[in-house]
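All remarks here apply to the structure that follows.
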2 protein chains.
Amino acid sequence: MAKIDDVARLAGVSTATVSRALRGLPMVTPKTRDRVLSAAAELGYVASPSASRLAGGRSGSVGVVVPRVTRWYFATLVDAAEEVLRASGHDVLLFNLAGRQAATRRLFHGSGLHKRVDALILACVPRTAEDDAALDRLGLPIVVVGGRQPGWGSVCIDDQAAARAATEHLIALGHRRIAHLAGDAHDEFASNVHIDRTAGYRQALCAAGLQPEEALEVEAGFTIDGGARGMAELLRRGDPPTAVFAACDETAMGAMRTLREYGLRVPTDISVIGIDDHELSAVLGLTTVAQPAVAEGRLAASMLLEALTGSAKVHPIDVVVPTRLVVRETTGPPRLIPLPRAAGGEDGARDLSRWPG
Amino acid sequence: MAKIDDVARLAGVSTATVSRALRGLPMVTPKTRDRVLSAAAELGYVASPSASRLAGGRSGSVGVVVPRVTRWYFATLVDAAEEVLRASGHDVLLFNLAGRQAATRRLFHGSGLHKRVDALILACVPRTAEDDAALDRLGLPIVVVGGRQPGWGSVCIDDQAAARAATEHLIALGHRRIAHLAGDAHDEFASNVHIDRTAGYRQALCAAGLQPEEALEVEAGFTIDGGARGMAELLRRGDPPTAVFAACDETAMGAMRTLREYGLRVPTDISVIGIDDHELSAVLGLTTVAQPAVAEGRLAASMLLEALTGSAKVHPIDVVVPTRLVVRETTGPPRLIPLPRAAGGEDGARDLSRWPG
DNA sequence: CTGAAAGCGCTTACAG
DNA sequence: CTGAAAGCGCTTACAG
């Protein structure tokens, strides 16, 4: 492994010049630069990142922390952010919280981040006030995705508006008994997103003269299994809704799984709508409020790069990306004859000829 | 930011002792260790990773390179590997190839990996002989997932056996015209997996006395869109199959999307089976050959840790994890009356009451 | 068991 | 534009 001195010797210059030439700094004659470049190429020289980092004071990597990479939204975010970060020569350190509370606390307050990253993307990561203070002390550029924080950059959708749009779509179809499979406040994926979505749902209801009912709201969480359990709970309560607004597409998919197991038809018996436009929503025919996850990931990364490379200190900005209602096949007008209170039969589960239709 | 000298001064010892105590090395009196520990805690001392790495010679992070994090299998792998890596105090550097060929070549041959990682997980990454040589030159412990490489560790399923099991399931149901939506050789996700799966498909056919037909094999790729296109191509060829074995669940899902658009019923008109047991396969009722992706990710990470921390030089091993047929609702006996050659009608697309059933 | 000192391989003022 | 030298903050033989 060639080191910087080897290159310097071969090129007949000092290590300082090698360092400058290789990093494309000004103040190097083209001629000198060429000599250095070809010497480096000849030796297959690659600078040691830890040495550069120690001497230069920057780690060259940015941290991306997500609740769970396996969820569509976060995988998409990571994918998109990684591309722009990598293109700018940064490494990406992935922090996948995966519900490990202790690990999360340790990450924010311990040695997990210190001197390890130059900047941070925080996607829907629930944080306490102490967490925020600890993160601020790091003194790094930070962008939160799916939320907002004074002093940091942010990119998010208008969660209330998205939820309103979803609910209004249901109302416009004629639904009156509209349930909500909400995110869970005690859930590791929560952050503020679930609160806003629930608020939007209630706003739409009230605006239409409908009374939000406690019996129609279930804390399901942002996962398929959560959605499945939440839907089952809803059906167990009796007097089922004619439509369900799920906190996200994965929740909606879980709900569909349950409806199917109960032999209920979508949308004939119950309409379902989500938020996201998950890659598989088209396969399932799921009606949803789409959010541009790829653009969000790219934006977050770009904002960080700007803060990192910008000559002047950039003021962190908050950007709200647009959402868009995508009507597919899981929503339709309500049944004329309401479902019996004991909805569906277990034996209906095998009757696939009726599903989702 | 406190440095090691600050801790040394406060504890009244040398920096060497601080270093040893903090890393839990032997040869430190419990008493001394305690003094150091509390001094470090009092100062909120955290060692600079780049300094440790430069001095100690190891980067403290392991690289995980995947074709694309957004795919279920890779997201699951990354999630699982990250957990065990993080638990052992390692950082994980994510390399998401995302079809960027140039970036991939640069990663293997350039400065992307050099001195940046202590070990490497390569998941279904297609490599040339030169890539392998370059990676070998890195001198790191490497584990490949979904493949095998002399000198490196590996974890994979028996792809041929899995493909055989899927095809045999279809044959056992009475199918004779069985198509295959294969991975694509020119695809960035390919590696050797697609070759083995296609081979297994043909083996099962031959074993049952069926003749593999070129017209029944389409290179679709391991993605939803690829599966959708592949299925459309298959239908366009006329004389449609009664069953389709897709290279993976996402391919199968894409195929189902197309079938639905054509108004064809699953499994009544055409049966569909995949490989994976994707999180959403249960939602779709997709029959599949399940592979334990979480276990694979954990295993790969553990094998690396063993190589990293093992006192003796560990011999790289190859582990094959088991697969398991999961019969759900997208496979059934073939139609008694074959489909017309011009399969399906465009207008059938909206008739959801028949789908998938 | 503990310490003094060299060294890891770069980058960055500071001179020139 | 280029170089000599200090310094980044640790770890690791080497002594003791």
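- Smallest separation of non-hydrogen atoms from S59(A) and D118(A): N-OD1, 2.7 Å.
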Please evaluate residues L94(B) and V78(A) with respect to the criterion side-chain contact (heavy atoms from CB on, under 4.5 Å), reporting the C-alpha separation (whole Å), side-chain torsions for both, the decisive distance (0.1 Å), and the verdict. CA-CA 9 Å; L94(B) 176 69; V78(A) 168; 3.5 Å; yes
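- Of all nucleotides in DNA chain D, those with any atom nearer than 4.0 Å to a heavy atom of chain B start and finish, going 5' to 3', at dG9(D) to dA13(D).
- Summary of the strand contacts: G12(B) and A16(A) both lie near DNA chain C, and taking for each the nucleotide with the nearest heavy atom, the more 5' one is attributed to G12(B).
- Electrostatic pairing of D131(B) and R106(B) does not count as a salt bridge here, judged by no charged N lying under 4.0 Å from a carboxylate O.
- Ionic pairing of D6(A) and K3(A) is not present here: no N-O contact between side-chain nitrogen and carboxylate oxygen is shorter than 4.0 angstrom.
- Closest-nucleotide positions on DNA chain C for Y45(A) and T17(B) were compared, and the one nearer the 5' end corresponds to T17(B).
- A salt bridge does not link R68(B) with E82(A): every distance from a Lys NZ or Arg NE/NH1/NH2 to an Asp or Glu carboxylate oxygen is 4.0 Å or more.
- Pair check for dA4(D) finds none; no Watson-Crick or G-U wobble contact set falls under 3.5 Å.
- Where S50(B) and R20(B) each meet DNA chain D at their nearest nucleotide, the meeting point lying more 5' is that of S50(B).
- Remark: D79(A) does not engage R86(A) in a salt bridge, criterion side-chain N to carboxylate O under 4.0 Å.
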